[in-house]
Structures are given as structure tokens and as C-alpha cells.
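Report on the following structure.
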Amino acid sequence: MDGKSSSNTAGKPLRCRAAIARKAGEPLVIEEVIVAPPNPREVRIKIICTSLCHSDITLWKLKDPPAIFPRILGHEAVGVVESVGEGVHEVVEGDTVIPTFVSDCGECRDCLSEKSNLCTKFPFSISPWMRDETSRFTDINGETLYHFVYVSSFSEYTVVDIAHVTKIDPAIPANRACLLSCGVSTGVGAAWRTAKVEAGATVVIFGLGAIGLAVAEGARLCGAKRIIGIDVNQDKCEIGKKFGVTDFVNSRNIGDKTVSEIIIEMTDGGADYCFECVGLTSLVHEAYASTRKGWGKTVVVGLDDPSSMLTLSTFELLYSGKSLMGSFFGGLKPKTDINILGKRYMDKELQLDEFVTHEVDFEEINKAFDLLLEGKSLRCVIWMNK
């Protein structure tokens, strides 16, 4: 099927419900919206489940650009193809798919290389538009509603460029598959694809939120012998054990020592790999200091203020032989690696169930925001039409 669909709604605007962020920090409002049909290379998706990520919270709170309102947020999701635009060959109506904020065109130099997942043809941005700089959403009064990172999953239907769509096994439960759209994939991938943690390695993770715990899960799958979790919340000690954390350090209870001094003592010279999953420049420095000379690798996964700067001595960088690198979406290529993770879940190797702490109906979407803001959830799954 190429650009055609047997759906009665194909090629026509659809009316459905969406949760709209109309003002910064104010509760989302569920309204009826109109979703345009897909243009060439686009797919209209009926969202089954979406989950709430801290990135949604960040942009919801933000008052200045790249914030823009009214906007349909949401980017961790799974759904079913309702119809496709011209030129779409990869999926057909009825396919189960995951939309991702990271593109995978399969054509550019980066997408064709095993070394990168940063598509050149469709680079990432926190854009309020589709790739052609127009919107597929309007409210019932005709007002434009803005997109969020090319996904906008807080809507019963959304339109996504095919470069951002991955077909998956429909046997994967929807309330688990949606987690592979962002957070869990990012953390697992950071250990698996970016750092390439090897069996027997010692890993240190700064911050045991959902991303940090996913890094622990990835390190566990890679065969790491020791996984040290660092957090200010003592409860994360027990939670971390579910994902392979072997040692826990409460950074509020280390006296006059720095975290890096503690880690160097614990590891007899420093860890093989350190992951910064909080988004604090100061912790990037601590993570770098915590790795072993000669081969230590520090991976930045958390996002600090874009204006924050690192200060490293060039002599130290040269003399220590350490590596410092970033990890965007865990270095994963969505169209291939998401399915590898999905299979590992179905084979009972990858843990996804433990990340889901709450599930709510679409009408309770603001409850999901409250739970995350209060630190009570890792991932809250939102059912669009349970």
C-alpha cells in the first residue's frame, strides 16, 4: 500500500480529543481538535498509550522560547497507523508503530553509518511545526495548535513524518511499548550503544531517576559486574536493586568528602564508566573525576541549562587519557534498535514492567503531571481509550 488506505477517514480531517497546554505551568485542557490528513511522507497515528517524561514537564513549565502555546505535548507513545500519505512504503494502515523525537531517514551519511544516530536530513529541534513548518492541528475555532518534537502524543490522533515512525511487534503490550519511545531506550542505549559497557565493568550512575535506572538496566544487560548508584533520595537504594544496582551512595551523607573521592576509594582508582543522568554541570565534573585514568569514560545523558559550560584542564584531559562524551537518545537508531529492545523485553531479558509505577485514563492526564512533579512516579502510562 503506497499513500492509500482503506480507512473511511483517510484523506479527511479527523475530530478527536487532545490535552492542550494553553499556558505555561497551568493544567492541560482536554478539548476537541481537528487533525489534518497526512501530507506526503507522513503517517496519521491513533495513539493507544502515551507516557509522561520530564521533557514534557520542562517545556510545559517554560515561559520563554522554545516554549510556545497553545501546544500539544507528549512524545513517549505507541499507536496504530490510521492512514498514510503519498510516498510512504514502510507502514500500512493497522500497523503498530512507535513515534520518536529522533529521526531515522535511512538515507543520509549519519543514518547509513554505524557510528551515529544523529540524522543530517532531519536534524532534531524543539520545533512547534511539522518538517514543512506547518501544523496538522487546529482547535474547533480554527486556531493553530503547535506540535512538540515532531510527535505530540497527548492527542487521540497525531501526524508524524515517516522518518520518526518505527513499526514494532504488535504483541508487545502497549503500556510497555510506549516506554521504548524515549526514556528507557535513552538510558539502556547510553550503556549499550554509546558507552559499549563490557562484561565485568564497573559503572557509576549519577542520579537514579527513570533515565539513570534505565542506564543501570542497560549496564546489567551488558554484564557489568558492579553498578554504583548515586542519589540524594535514600529510597532509590532499594528501587535501584531491581535494575541491577549493586552499591548505593547517598551524596548527602558523605561528610566532607566529594563524591569522586568516595568513588575512587570504592573502586580502587576510579570507575570504568560514569553516567551523568541529572543534568547538572557540577555533576559532569564529578563524574569525570570519578573515572579511572587511562580508560575511564564519562557519558553525559542529563540536560543542564543550554548556557552551562564545562571547565576542564587541557593538561588533565591530555594526561589522564579519559574520555568525555554525550549520548543523544542513547545512541540508538530508532528503526532498528527499538525492535531489538522490544524483542529483549518479550524474551524476558529487558525489564520494562518495573518502570511503570502508575497508569491513568486520558481524562486524568493532569494527575500524571502531579505524580511526576511530586517525585512519586518513574513512568505514568496514560491510556487514551482504555
Side-chain angles (χ1 to χ4, degrees), residues 1 5-7 10 38 43-53 74-84 88-102 104 106 117 151 153-160 162-189 191-193 210 213-214 217-218 220-222 242-244 329-330 332-362 368 378-386:
M1 188 181 300
S5 172
S6 60
S7 169
V43 180
R44 190 159 62 184
I45 302 168
K46 180 179 181 180
I47 299 295
I48 302 170
C49 278
T50 184
S51 47
L52 182 61
C53 173
H75 65 285
E76 284 191 355
V78 64
V80 174
V81 174
E82 174 269 337
S83 60
V84 300
V88 173
H89 304 271
E90 292 181 38
V91 298
V92 297
E93 178 197 339
D95 281 346
T96 301
V97 295
I98 284 179
T100 57
F101 67 93
V102 175
D104 187 350
N117 70 334
V151 177
S153 59
F154 293 167
S155 174
E156 291 176 323
Y157 288 86
T158 190
V159 178
V160 182
I162 187 59
H164 294 265
V165 176
T166 297
K167 180 180 176 180
I168 65 161
D169 181 355
I172 303 173
N175 59 346
R176 301 296 182 259
C178 60
L179 304 185
L180 299 175
S181 191
C182 177
V184 172
S185 291
T186 295
V188 171
W192 169 40
R193 288 298 195 200
L213 292 170
E217 176 68 2
R220 183 188 69 80
L221 288 171
C222 290
K242 299 178 182 178
F243 302 95
F329 192 57
L332 300 183
K333 290 182 177 293
K335 292 183 187 288
T336 51
D337 290 334
I338 283 177
N339 278 298
I340 292 173
L341 294 181
K343 184 177 187 304
R344 296 198 77 172
Y345 170 71
M346 296 299 283
D347 290 343
K348 302 186 184 305
E349 297 173 9
L350 171 67
Q351 299 182 99
L352 290 180
D353 300 346
E354 290 75 5
F355 285 97
V356 179
T357 51
H358 299 81
E359 298 190 27
V360 300
D361 294 333
F362 186 36
L378 291 176
R379 277 297 183 268
C380 182
V381 171
I382 301 155
W383 287 90
M384 303 305 286
N385 284 288
K386 194 171 183 179

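Proximity of a side-chain donor or acceptor of Q351 to a complementary backbone N or O of K242 within less than 3.5 Å is detected. No donor-acceptor pair under 3.5 Å is formed between the side chain of T100 and the backbone N or O of P334. No donor-acceptor pair closer than 3.5 Å links the side chain of D95 to the backbone N or O of K167. The closest donor-acceptor contact from the side chain of H164 to the backbone of P99 lies at 3.5 Å or more, if one exists at all. Between the D347 side chain and the E349 main chain, no donor and acceptor come within less than 3.5 Å of each other.
S185 is listed as a side-chain neighbour of L341, based on a closest heavy-atom distance under 4.5 Å. Using a 4.5 Å heavy-atom threshold, the side chains of L52 and R379 count as separate. Put simply, the side chain of N339 reaches to within 4.5 Å of the side chain of I168, judged on heavy atoms. Side-chain atoms of F329 and S181, non-hydrogen and from C-beta on, never get closer than 4.5 Å to each other. In this structure the side chain of C53 reaches within 4.5 angstrom of the side chain of H75, judged on heavy atoms. No side-chain heavy atom of L221 sits less than 4.5 Å from a side-chain heavy atom of W192. Here the side chains of L180 and L352 are in contact, with some heavy-atom distance below 4.5 Å. Put simply, the side chain of V356 does not reach to within 4.5 Å of the side chain of N175, judged on heavy atoms.
When all heavy atoms are compared, the tightest approach of N117 to L332 is ND2-O, 2.9 Å. V165 approaches V91 most closely through the heavy-atom pair CG1-CG1, 4.5 Å. Contact record, G183 with A214: O-CB, 4.1 Å, taken as the closest heavy-atom pair. Looking at every heavy atom in both residues, G342 comes nearest to I172 through CA-CD1, 3.7 Å. Considering every non-hydrogen atom in both I47 and A77, the closest pair reads CD1-CB, 4.1 Å. Shown here for C380 and A368, the closest heavy-atom pair between the two residues is SG-CB, 3.6 Å.
Summarising the geometry, atom CZ belonging to R176 is positioned 12.0 Å from atom CE belonging to M346; distances are rounded to the nearest 0.5 Å. Atom CD of E156 sits about 4.5 Å away from atom CG of N385, to the nearest 0.5 Å. Between I338 atom CD1 and T166 atom OG1 the span is 4.5 Å, to the nearest 0.5 Å.
Looking at E82 and K46, no side-chain N of the basic residue comes within less than 4.0 Å of a carboxylate O on the acidic one, giving no salt bridge. A salt bridge links R193 to D337: at least one charged side-chain nitrogen sits closer than 4.0 Å to a carboxylate oxygen.
The side-chain hydrogen bond (donor to acceptor under 3.5 Å, both in side chains) check on S51 picks up E76, with sequence neighbours excluded. The side-chain hydrogen bond (donor to acceptor under 3.5 Å, both in side chains) search around K335 returns E90, not counting sequence neighbours. Not a single side-chain hydrogen bond (donor to acceptor under 3.5 Å, both in side chains) links E354 to another residue, sequence neighbours left out.
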Should V43 and V159 be marked as a side-chain contact (heavy atoms from CB on, under 4.5 Å) after you check the CA-CA gap, both sets of side-chain angles, and the distance that decides it?
-> CA-CA 6 Å; V43 180; V159 178; over 6 Å; no
Run the numbers on V92 and V81 for side-chain contact (heavy atoms from CB on, under 4.5 Å), then give the verdict.
-> CA-CA 7 Å; V92 297; V81 174; over 6 Å; no
Steps toward side-chain contact (heavy atoms from CB on, under 4.5 Å) verdict (I48, M384) = CA-CA 6 Å; I48 302 170; M384 303 305 286; 6.0 Å; no
Could you walk me through whether V80 and I45 pass the side-chain contact (heavy atoms from CB on, under 4.5 Å) check?
-> CA-CA 6 Å; V80 174; I45 302 168; 5.9 Å; no
Mind running ring-ring contact (aromatic ring centres under 6.0 Å, His included) on F362 and F154 for me, showing each step along the way?
-> CA-CA 9 Å; F362 186 36; F154 293 167; 7.9 Å; no
Mind running salt bridge (charged side-chain N to carboxylate O under 4.0 Å, His left out) on K343 and D169 for me, showing each step along the way?
-> CA-CA 8 Å; K343 184 177 187 304; D169 181 355; over 6 Å; no
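Below 30°, between 30° and 60°, or above 60°: for F243 and F355 the angle between ring planes is between 30° and 60°, a tilted geometry.
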